[in-house]
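Being a predicted model, the structure only gives us computed values, none of them experimental. For reference, positions follow the sequence shown, starting with 1. Below, all heavy atoms of this structure are taken into account, side chains as well, without hydrogens, waters or symmetry copies.
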Amino acid sequence: MSEQKVSKDKRYEDRHKEERKAKCMIWGTSVERPLAEEINAFLKVTGFTKVELIKAGYQALLDEAKKAK
């Protein structure tokens, strides 16, 4: 990649940083490798995305919390 393109990309990123931060959140977290590899294999076989996995897990925990009340 040329130095000029890298510079343009950097300026674009700088201009849109706040917009991206307002729209999405990145969680810096880690999972033990064996579990992560198992999850990645499951996602690859089923075609689900990591976002779908998170949403489904969150919904399942919400449902579980409602039952526990």
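Rounding to the nearest 0.5 angstrom, the gap separating the CG atom in Leu53 from the NZ atom in Lys50 is 9.5 Å. To the nearest 0.5 Å, atom NZ of residue Lys21 and atom CD of residue Glu18 are 4.5 Å apart.
Sparse packing is recorded around CD of Glu32, with 12 or fewer heavy atoms of other residues, nucleotides or ligands lying under 6.0 Å away. More than 12 heavy atoms of other residues, nucleotides or ligands lie within 6.0 Å of CG in Leu61, so this atom counts as buried by the packing criterion.
Checking each of Val45, Ile39, Thr46 against Phe42 for a side-chain contact (heavy atoms from CB on, under 4.5 Å) leaves exactly one that passes, namely Thr46.
The main-chain N or O of Thr49 is found under 3.5 Å from a side-chain atom of Glu52 such that the two form a donor-acceptor pair.
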Note to self: Checking Leu43 against Phe48 for the side-chain contact (heavy atoms from CB on, under 4.5 Å) test, could you report, in this order, the C-alpha distance in whole Å, the side-chain angles of both residues, the deciding distance, and whether it holds?
What the structure shows: CA-CA 5 Å; Leu43 295 175; Phe48 291 118; 3.8 Å; yes

Next item on the list: Decide yes or no on salt bridge (charged side-chain N to carboxylate O under 4.0 Å, His left out) for Asp14 and Lys10, but give the supporting numbers first.
Entry: CA-CA 6 Å; Asp14 290 343; Lys10 177 73 172 137; 3.3 Å; yes

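Hydrophobic cluster membership for Trp27: Met25, Ile54 (Ile, Leu, Val, Met, Phe, Trp, Tyr linked by side-chain heavy atoms under 4.5 Å, directly or transitively).
Comment: Arg33 engages Glu37 in a salt bridge, judged by a side-chain N to carboxylate O separation of less than 4.0 angstrom.
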